[in-house]
Amino acid sequence: MDTISVAEARKSEAVGRVVQLRGWVRTRRDSKGGFSFIELNDGSCQGNVQIVAPGELPNYDAVVKHLLTGASVSITGEVKASPAKGQATEVHATAITQLGDAPAETYPLQKKGHTFEFLRTIAHLRPRTNTFGALARLRHRVSKTIHDFFDEQGFYYIHTPIITASDCEGAGALFRVTTLDLDKLPLTPAKSVDYDQDFFGKPAFLTVSGQLQVESFACSLGKVYTFGPTFRAENSNTPRHLAEFWMVEPEMAFFDLTDNMNLAEAFLKRIIRDALDKCPEDMAFFGERIDKTLLPRLHSVLEKPFLRVSYTEAVAILEQSGKTWEYPVGWGRDLQSEHERFLTEQHFQSPVILTDYPRTLKPFYMKVNDDGKTVRAMDVLVPGVGEIIGGSQREERADVLEQRMREQGIDPTAYQWYLDLRRFGTVPHSGFGLGLERILLFLSGMANIRDVIPFPRTPGNAEF
RNA sequence: UCCCCGAUAGCUCAAUGGUAGAGCAUCCGACUGUUAAUCGGACGGUUGUUGGUUCGAGUCCAACUCGGGGAGCCA
């Protein structure tokens, strides 16, 4: 006798097989006819399989009639075509063993819906719900697609370090990594903290980006990407920010900004297509239960070419829109959420890539244009989420790069290894970053980023 | 970090300053294959915390804690 998953048991090809199933009870309905229906789920798919438990089972009165939502069971039986509507198959049980109880007085999950705020307080149990099971499967699928897409295009996956001594982007609060005793810090004669005595002999932090390190491998292996956890100690309290999140950062030698934009567009579209093709049940669930406008929006993004608009053009559009903005619009001012959302959701009603921002608004590593005023930056904006990808062609001229560091108050002596990439065999190259949780928000229609990562870390919250 | 809103039964929510309620869940019972099954009954509360106003506070005021929405920072 085979042990099969709920996903397999739900398919009509399974009819006639005598099998074992293991999982968790979602609901039990007792019938007038002296038997019970059990909805069984094992996480293998969105749907449950209906178990028909006859009253003749030796433990029917003692066990089966008392199975509650959340109980774990092992079931033996035959898969049959279901005579009733609602499911193709059902399993007629010949034996049911309860593996674990879930007393209703203490088990917090019910078969009825819960608010996401409540489920966040039981993050260790929420993957047993429809929504969080679907999100876990989708998260896996997107991660797999990321590796598939880059592998097929000849990229190498580079493991960049989690601990770093360089503050990559010059901005953004960092988490410090130290073995020093905070209650008894060693001091230098000048009464400042003596980092010579720390584990790495100098201050160290959790990474905010693997970009600088992955550039080193792009400038030797050609096309590479890094994909891993990233940490920001910003005190951001929004539905779009986490202190710990996952980021994909491809970096390509010999790519200019246009190549970079083409790759970003193909990449996003591939992620959407794979989600729709390979997680159809879960995506249908999101479209039905989470956001009715989700599936039309995803299909629209899939079909439309991403518009490419310069920052300068975008500012002109915003100035001529006749709208009143909470934050002023003008060349040299950064675009705010309200501006980005207007462009992608109202003006263009399409994904938009904004390019060539003023040099003062962007980090030192972006290539300066011939006009001297703008840099080869690109931000991909999508309806519903806003900025989802940020990238640029990198500055490959050592002298310009060093000047840009000074311009932004960054000490070039700390980045000699990075400048070496321009001193020795420098090449044009480009890359971008995509937040995994941001793309999951976009794909699922979920509203809060804390609900698309298994165990969210945010200011004041690192439970579980 | 700033602005706004909220916190009442296990969950989702009601309750003019005057005895704290419903639905769901759970338990008991009824019901010829149910689909968030249905129907009847029972059980269930220091109204987030602390203080204040009042004859009387779930309700009004203050602070704090936690949560939500928006904003900034960004991915």
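Chain letters run A, B, ... following the sequence lines, proteins first, then strands; residues in each count from 1. Please read all numbers here as calculations on a predicted model, not as lab measurements. We use all heavy atoms of the structure for the numbers below, so side chains are in, but hydrogens, waters and symmetry mates are not.
Out of B:G67, B:U35, B:A71, the shortest distance to the side chain of A:E117 is found at B:G67. Comparing B:U12, B:U35, B:G68 by their closest approach to the side chain of A:F118 singles out B:U12. Comparing B:A71, B:C24, B:A37 against the side chain of A:T238 picks out B:A71 as the nearest. If you check B:A37, B:G69, B:U34 against the side chain of A:E90, the one that comes closest is B:U34. Taking the side chain of A:H66 as heavy atoms from C-beta on, and the options B:C28, B:G10, B:U1, the nearest nucleotide is B:C28. In this structure, of B:U34, B:C28, B:U1, it is B:U34 that holds the atom nearest to the side chain of A:S82. Nearest nucleotide to the side chain of A:H241, out of B:G68, B:C74, B:C11: B:C74. Nearest to the side-chain atoms of A:R232 among the listed nucleotides B:C74, B:G69, B:C11 stands B:C74. With B:A71, B:G68, B:U34 as the candidates, the nucleotide lying closest to the side chain of A:R450 is B:G68. You'll find that the side chain of A:N448 is closest to B:G68, out of B:G68, B:G67, B:U34.
Residue contacts shown for A:Q87 include a base, since a base heavy atom lies under 4.0 Å away. At a threshold of 4.0 angstrom between heavy atoms, the contacts of A:P83 include nucleobase atoms, whether or not backbone atoms are also involved. If you check every strand for non-hydrogen atoms under 4.0 Å, A:E326 touches nothing. When heavy atoms are screened at a 4.0 angstrom cut-off, A:Y107 is found touching no nucleic acid atom at all. Within 4.0 Å (heavy atoms only), A:T106 reaches no atom of the nucleic acid at all. Among the protein residues, A:L436 comes within range of no part of the nucleic acid, since none of its heavy atoms lies under 4.0 Å from any strand. Residue contacts for A:P103: at a heavy-atom cut-off of 4.0 Å it reaches no nucleic acid atom on any strand shown. Contact annotation for A:L109: no contact, since no heavy-atom pair falls under 4.0 Å across all strands.
Contacts of A:F455 classified as ring-ring contact (aromatic ring centres under 6.0 Å, His included), with partners at least two apart in sequence or in another chain: none. The ring-ring contact (aromatic ring centres under 6.0 Å, His included) search around A:F285 returns none, not counting sequence neighbours.
Classification of the A:H339-A:W325 ring pair by plane angle, with boundaries at 30° and 60°, yields perpendicular. Relative orientation of the A:H347 and A:F342 rings is tilted, given thresholds of 30° and 60° on the angle between their planes. Classified by interplanar angle (parallel below 30°, tilted 30° to 60°, perpendicular above 60°), the ring pair A:F116/A:F132 is perpendicular.
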Q. Which is it for A:Y418 and A:M405 under the side chain to side chain contact (heavy atoms under 4.5 Å, CB included) test, yes or no, and what are the steps along the way?
A. CA-CA 12 Å; A:Y418 186 67; A:M405 286 179 175; 4.0 Å; yes
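Between A:F35 atom CZ and B:U35 atom C1' there is a gap of 13 Å when expressed in whole angstrom units. One atom, CD1 of A:I449, and another, P of B:C74, lie 16 Å apart when rounded to the nearest Å. The NE2-C1' distance, from A:H339 to B:C73, rounds to 16 Å in whole Å.
For A:Y157 and A:Y225, the ring centers sit closer than 6.0 Å to each other. Outside the 6.0 Å centre-distance limit, the rings of A:F35 and A:Y60 are not counted as a close aromatic pair.
Base-pairing analysis of RNA chain B finds the following stems of at least three consecutive Watson-Crick or G-U pairs, with both pairing distances under 3.5 Å: B:1-7 with B:65-71, B:10-13 with B:21-24, B:26-30 with B:38-42, B:48-52 with B:60-64.
If you check distances only, the side chain of A:D30 never reaches the base of B:U34 with a donor-acceptor pair under 3.5 Å. Put simply, the side chain of A:Q110 and the base of B:G10 share a donor and an acceptor less than 3.5 Å apart.
Side-chain contact check for A:S5 and A:E8: at least one donor-acceptor pair (N or O, by modelled atom type) lies under 3.5 Å.
OP1 or OP2 of B:U34 has not a single side-chain nitrogen or oxygen of A:R29 nearer than 4.0 Å. Residue A:S337 places at least one side-chain N or O under 4.0 Å from the OP1 or OP2 atom of B:G72. Listed pair A:S236 / B:C73 fails the phosphate criterion, with no side-chain N or O lying under 4.0 Å from OP1 or OP2.
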